[in-house]
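Right, one structure below, let's go through it.
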Amino acid sequence: MLLIAGFFAGCNPEIIKIKSNIKNSQDGIVLVKMKSHKKIGERILDTLTLVSGDFDFYSEAIKPPVKLTFVVNDEEEFDVWLGNYGTFHIEGESGKLSNVQVQGSHLHDEFKRIHTQFYDTYLEPVQDKIDWLNSLNEKYKGGKPLKQDDSFKKVMFEKDVKKARKYRRLSIIKTMRRNPHSEVALALLNDEFDSLIPRHQKEMINLFKGKFGNTAMFWQLRP
């Protein structure tokens, strides 16, 4: 409980306000969560009422930067990255919530931009191979033996995809090492954390704790 409470700042007058509109959504509820890489997994911050696509979130207890996860009617969820206190406006559409717009959040925009850049550089060139491998797994679901041609192709494609993901990961690590005071780098670390080997996880925690050790997002990335 003490570890969880570390990111709360009850005496801090600063607040986070979020006003949201989700087009074409059914009335219902929205859960607000803080997910972490710890064994406890997540913490539910609030349960909000969704009416005509609108819901509001308010908190005095979170010290940014933070990644908030919103779950709409137990059907869709999306993440919002906030680097500071203030008022933010979320605009989205049911069925496409992975592309929500967060007005007022520089961190959200920059994280999405750089995340896309890393994808375009390293993974987009092998996306056809990733799709083929996913299709193959569906085709042979249940442990059926692979055809010889599929087996050979699978080995080659897996090698190429593994290499692409490795280069992407190493490039992100280099970016984080160069920018230990950057909220965007911290967000990239949070997003990539589970793919890092333990040595790199420990290195990154030590690197970022000086600047961000008492923030919500640092609590979220701890293993």
message = Between D27 and S52 (side chain of the first, backbone of the second, donor and acceptor by atom type, cut-off under 3.5 Å), is there such a pair?
response = yes

ask   = Atom CZ in R169, atom NZ in K166: separation rounded to 0.5 Å?
value = 8.0 Å

ask   = Looking at side-chain heavy atoms only, is the closest gap between M34 and W219 below 4.5 Å?
value = yes

Polar side chain donor-acceptor pair, D131 to Q127, under 3.5 angstrom = yes

remark   = Nearest heavy-atom contact between G92 and V100 is CA-CG1, 4.1 Å

inquiry  = Out of the candidates V184, V102, L82, N84, only one should pair with L107 under the side-chain contact (heavy atoms from CB on, under 4.5 Å) rule; please name it.
reply    = V184

query = Donor-acceptor pair, D150 side chain versus L136 backbone, under 3.5 Å?
reply = no

task = Determine the interplanar angle of the F118 and Y122 rings, folded into 0 to 90°, and report it as parallel if under 30°, tilted if 30 to 60°, perpendicular if over 60°.
result = parallel

request  = For the residue pair L68 and F57, establish whether any side-chain heavy-atom pair is separated by less than 4.5 Å.
outcome  = yes

message = Heavy-atom count check: over 12 atoms from other residues, nucleotides or ligands less than 6.0 Å from E124 CD?
response = yes

task = Determine whether F78 and V71 fall in the same hydrophobic cluster, where Ile, Leu, Val, Met, Phe, Trp and Tyr are linked whenever their side-chain heavy atoms lie under 4.5 Å apart.
result = no

message = Please check this pair: side chain of H108 against backbone of W81, looking for a donor-acceptor N/O pair closer than 3.5 Å.
response = yes

ask   = Run the side-chain contact (heavy atoms from CB on, under 4.5 Å) check on F88 and V80 step by step: do they pass?
value = CA-CA 10 Å; F88 308 91; V80 171; over 6 Å; no

ask   = Tell me, do E192 and R168 make a side-chain contact under 4.5 Å, heavy atoms counted?
value = yes

Min side-chain heavy-atom separation F212-E183 under 4.5 Å = yes

key: Trace of the side-chain contact (heavy atoms from CB on, under 4.5 Å) decision for F111 with D191   = CA-CA 10 Å; F111 170 77; D191 189 65; 3.8 Å; yes

query = When rounded to the nearest 0.5 angstrom, what is the spacing between NZ in K17 and CD in E60?
reply = 9.5 Å

key: K35 side chain reached by E77 side chain, heavy atoms, under 4.5 Å   = yes

task = Can you establish whether the number of heavy atoms outside N206 located under 6.0 Å from its atom CG is more than 12?
result = yes

task = Group every Ile, Leu, Val, Met, Phe, Trp and Tyr by side-chain heavy-atom contacts under 4.5 Å, then state whether L170 and L188 land in the same group.
result = yes

ask   = Would a hydrophobic clustering, with Ile, Leu, Val, Met, Phe, Trp and Tyr connected at side-chain separations under 4.5 Å, put L48 with L31?
value = no

ask   = Between F218 and I205, is any pair of side-chain heavy atoms under 4.5 Å apart?
value = yes

ask   = Between S20 and I18, what is the shortest heavy-atom contact and its length?
value = OG-CG2, 3.3 Å

ask   = Does anything in residues 154-184 pair up under ring pair (Phe, Tyr, Trp, His ring centres under 6.0 Å), and if so which pairs, sequence neighbours excluded?
value = W132-F157

request  = With rounding to the nearest 0.5 Å, note down the distance linking CD1 in I44 to OG1 in T69.
outcome  = 11.5 Å

note = Nearest heavy-atom contact between P64 and T215 is O-CG2, 3.7 Å

query = Considering only heavy atoms from C-beta outward, does the side chain of Q220 approach that of F193 to under 4.5 Å?
reply = no

key: Interatomic distance, D160 atom CG to D128 atom CG [nearest 0.5 angstrom]   = 12.0 Å

ask   = For the atom pair CG (D54) and OG1 (T49), what is the distance rounded to the nearest 0.5 Å?
value = 12.0 Å

key: Whether over 12 other heavy atoms sit under 6.0 Å from Q101 CD   = no

message = Are there over 12 heavy-atom neighbours, none belonging to Y119, within less than 6.0 Å of that residue's OH?
response = yes

task = Identify the two heavy atoms, one from F208 and one from N179, that lie closest to each other, and give their separation to 0.1 Å.
result = CE2-O, 3.8 Å

task = Could you tell me the separation between the CD atom of E203 and the CG atom of L189, rounded to the nearest 0.5 Å?
result = 10.0 Å

ask   = Can you check side-chain contact (heavy atoms from CB on, under 4.5 Å) on R43 and S36, steps first, answer last?
value = CA-CA 8 Å; R43 181 177 179 85; S36 87; over 6 Å; no

query = Side chains of E76 and S94: closer than 4.5 Å at any heavy-atom pair?
reply = yes

request  = Report the C-alpha distance between H37 and N190 in whole Å, list the side-chain angles of each, state the deciding distance to 0.1 Å, and finish with yes or no for side-chain contact (heavy atoms from CB on, under 4.5 Å).
outcome  = CA-CA 9 Å; H37 301 273; N190 189 295; 3.7 Å; yes

query = So which heavy atom on I173 is nearest to which on H200, and how close?
reply = CD1-ND1, 3.4 Å

